[in-house]
Number of protein chains: 2
Amino acid sequence: MTNRKAHRTSADHASSPQDAPLPAPLPNANAPLQPPSRSGELAERNVLVDLVAVVVAVSHDEPRVLTLDDGASLPAGPFGSDARSLQTGLRDWVERQTHHPLGYVEQLYTFADRDRTGADGQRVMSISYLALTREQVERRAQAEGTWSSWYACFPWEDWRDGQPAVVREVLAPALTQWAAAAPSAMAREQRRRRASAAFGLDGAPWHDEMVLQRYELLHEARLTPESLRNVPEAERPAVIAPGRAMTGDHRRILATGVARLRGKIKYRPVVFELMPETFTLLDLQKAVEALAGRRTHKQNFRRLVEQQELVEETSEMSTTRVGRPARLFRFREEVLLERAIAGTKPAG
Amino acid sequence: MTNRKAHRTSADHASSPQDAPLPAPLPNANAPLQPPSRSGELAERNVLVDLVAVVVAVSHDEPRVLTLDDGASLPAGPFGSDARSLQTGLRDWVERQTHHPLGYVEQLYTFADRDRTGADGQRVMSISYLALTREQVERRAQAEGTWSSWYACFPWEDWRDGQPAVVREVLAPALTQWAAAAPSAMAREQRRRRASAAFGLDGAPWHDEMVLQRYELLHEARLTPESLRNVPEAERPAVIAPGRAMTGDHRRILATGVARLRGKIKYRPVVFELMPETFTLLDLQKAVEALAGRRTHKQNFRRLVEQQELVEETSEMSTTRVGRPARLFRFREEVLLERAIAGTKPAG
DNA sequence: CCGAATTATACTCATTCGGAGCATATAAAT
DNA sequence: ATTTATATGCTCCGAATGAGTATAATTCGG
């Protein structure tokens with residue numbers, strides 16, 4: 001249980017499939033950087049930099065995200081220059097704030113558009129991170145923030161019970177209308193195609209990782225509350241997409257995190273960061289399904305996990321409520337060293 | 001030819017496989033951000049932010065990178081707060097500096113470790129980008145910077161003629177020695193495994209996208225000049241890895257870019273950003289091979305490209321020097337809309 | 001105590017996909 | 001005419017994948 005905590009995985013450059021964990025920090029890259037060639041102007045000093053974290057856990061078959069302000073915002077805080085690295089800065093800060101030890105941490109994206117301004121009109125740059133942890137129920141009392149299912153923010157992303165009604169009844173018609181409202185025939189066709197590809201309309205397949213594109217498409221179609229903030233009452237469209245909006249562009253950041261995680265579980269064994277020490281294969285499957293938002297074939301899931309030797313048996317069996325008791329398994333930490341490949345792939 | 005320039009692809013959040021191009025910028029996300037909850041301290045204002053670009057092209061069967069200072073550094077410049085977004089800031093700046101129109105642009109990673117300090121000891125944060133372009137030979141005269149093969153920096157990455165001699169003769173022994181020098185038996189085993197997985201030793205397969213892990217492993221083993229900057233003469237190891245070092249951590253940034261691109265060409269049709277308007281299938285294959293650093297089966301490559309309908313025939317044939325003339329093809333821009341999947345995968 | 005319900009687990013079958021090789025076509029060079 | 005080099009079409013095999021069937025071990029409701 002605590003052994004797991006010592007085995008902090010972290011992949012800062014984690015976008016390529018095969019990053020192995022780096023146990024030790026890199027020694028000495030600390031030669032002073034040359035001032036970049038031909039930098040005529042001075043660099044901008046008046047930029048606020050802060051860190052935003054998408055902290056994910058899974059509990060009760062739901063993917064949860066750590067939120068503040070009653071689900072309205074993600075934990076965020078200033079980037080302190082004392083931190084050794086962004087990684088550790090984020091880790092320390094989140095752990096201090098929330099009393100949740102973080103497992104895997106990876107950088108998501110740096111947001112710095114001009115319209116991101118702080119209280120005094122200053123430009124705010126946010127470096128966002130994805131962090132995986134296990135929801136520690138016993139620590140909840142002292143922890144700050146609340147865990148909420150990310151499907152509260154993105155109801156259209158949960159296909160575990162088939163296509164959600166929202167998609168068919170609200171989004172599809174609204175997007176069709178948006179497409180039809182484009183000025184030129186080509187633009188209409190283009191919008192139609194984008195909507196189909198993103199939301200699996202017109203027989204197109206559903207791609208679970210396209211979370212960000214879907215959110216941005218809804219944003220562009222002005223179907224989100226966030227996109228309507230400066231739009232006068234009169235010009236607002238009739239419908240808006242259901243799902244809880246968030247402060248600033250936090251929902252976009254969340255979408256980025258969800259997209260990244262959904263993509264990642266397919267080729268890297270990161271789910272285990274979200275699992276308890278031991279678990280049944282069904283537990284594991286449920287966790288993957290919760291994250292991916294879609295069902296998987298049970299037998300094939302087992303075959304995949306076992307033939308890839310991601311787990312090892314324990315001698316214990318689950319104390320199941322009903323049905324045949326299942327064996328408890330444990331993640332084989334060795335795979336992090338042995339292989340660079342492998343993941344836990346749902347249908348895709 | 002110029003049509004292509006108008007079709008600027010850009011995927012800012014480009015780490016998930018399925019990002020569709022977003023032709024229009026998102027409207028109005030410009031509600032003021034709430035100051036992040038519980039941000040007790042003030043954000044750090046004394047951080048220099050600059051942009052670093054990994055600008056890639058392919059010519060003469062070599063993957064090239066735009067460098068300055070005779071190959072010693074990547075183009076970098078201050079982040080001006082006037083830029084609408086980081087994307088456009090980078091684009092404008094690179095195009096102004098180098099007179100190279102950029103095609104696809106995607107954010108790589110934000111570096112901000114404590115030891116990254118500027119001339120006056122100030123902390124420097126670098127937001128790095130990957131940009132794809134076609135090397136415009138005719139503009140070379142006015143352009144600044146030089147194109148150099150990235151294999152000049154990473155000689156061990158080029159497996160097009162089989163395992164490079166460097167790996168077998170220099171790196172493998174040096175890494176073995178490094179592994180053996182670990183304090184404990186477990187650490188030795190761990191180092192051995194990491195080296196094998198990264199460099200394909202002991203029969204392990206070679207993974208072309210593990211560029212960053214390999215570089216960082218060499219760094220950790222102190223086989224790179226960059227890792228020896230603060231190490232006194234006496235303590236330096238006998239061997240260092242061949243390959244041109246770069247300013248600061250630019251070589252690490254380059255490795256990040258190469259890794260990302262190698263990963264990306266397997267599932268997204270980005271190679272075409274590097275190709276001329278029309279090309280033969282062999283041209284395309286050579287480009288992919290140059291990027292991936294490994295050979296592919298010719299017939300299978302053709303099958304893949306054709307069955308995925310990535311290209312369409314033109315009526316013209318190549319004016320080949322020798323052998324049967326090949327048909328010229330053109331990229332089917334429609335696929336960017338139609339599908340979210342597909343790529344051009346070399347052996348993996 | 002028995003059977004229904006429920007879950008676990010083993011095994012089979014069909015299809016697809018990726019790697020590798022063979023065969024033939026069309027050009028230039030000698 | 002022969003050689004050489006490239007282009008292009010086709011086959012074969014094995015691994016991976018999707019989907020279904022069968023059997024085992026429990027709980028639960030009578």
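- Between the C1' atom of C:dT9 and the CZ atom of A:Arg327 lies a distance of 11 Å, rounded to the nearest Å.
- Each of C:dT7, C:dT9, D:dT6 was ranked by its minimum atom distance to the side chain of A:Arg302; first place goes to C:dT9.
- One donor-acceptor pair, N or O on each side, does fall under 3.5 Å between the base of C:dG19 and the side chain of B:Asn300.
- One interatomic measurement links the two molecules: CD of A:Gln307 to P of D:dG18, which rounds to 11 Å at whole-angstrom precision.
- With distances taken from any side-chain atom of B:Gln299 to the nucleotides D:dT8, C:dT7, D:dG20, the minimum falls on D:dT8.
- A:Thr314 contributes a side-chain N or O that, together with a main-chain N or O of A:Leu328, makes up a donor-acceptor pair within less than 3.5 Å.
- Here D:dA7 presents its P atom at 12 Å from CZ of B:Phe301, a figure rounded to the nearest Å.
- Remark: P of D:dG18 and CD of A:Gln285 are 13 Å apart, rounded to the nearest angstrom.
- For A:His297, whose side chain is taken as the heavy atoms from C-beta onward, the closest listed nucleotide among C:dA8, D:dA19, C:dG21 is D:dA19.
- Of the listed nucleotides (C:dA10, D:dA7, C:dG21), C:dA10 has the atom at the smallest distance from the side chain of A:Glu306.
- Remark: P of D:dT17 and NZ of A:Lys266 are 13 Å apart, rounded to the nearest angstrom.
- For the pair B:Arg214 and B:Trp206, the cation-pi criterion (under 6.0 Å, within 45° of the ring axis) is fulfilled.
- As judged by a 4.0 angstrom heavy-atom cut-off over every strand, B:Leu282 is placed among residues touching the sugar-phosphate backbone only.
- Using a 4.0 Å heavy-atom cutoff across all strands shown, B:Arg303 reaches at least one base atom of the nucleic acid.
- Listed pair B:Lys298 / D:dT8 fails the phosphate criterion, with no side-chain N or O lying under 4.0 Å from OP1 or OP2.
- Here the rule is salt bridge (Lys or Arg N to Asp or Glu O under 4.0 Å) with A:Arg262, and of A:Glu289, A:Glu157, A:Glu209 only A:Glu157 fits it.
- We find that CD of B:Glu316 is positioned 17 Å from P of D:dA7, with the value rounded to whole Å.
- For B:Met317 and C:dT26, the CE to P distance is 10 Å, given to the nearest whole Å.
- At whole-Å resolution of the value, CZ in A:Arg295 and C1' in D:dA19 are 17 Å apart.
- A:Thr296 and A:Gln285 form a side-chain donor-acceptor contact under 3.5 Å, judged by distance and modelled atom types alone.
- Using a 4.0 Å cut-off between charged nitrogen and carboxylate oxygen, A:Asp208 and A:Lys266 count as a salt-bridge pair.
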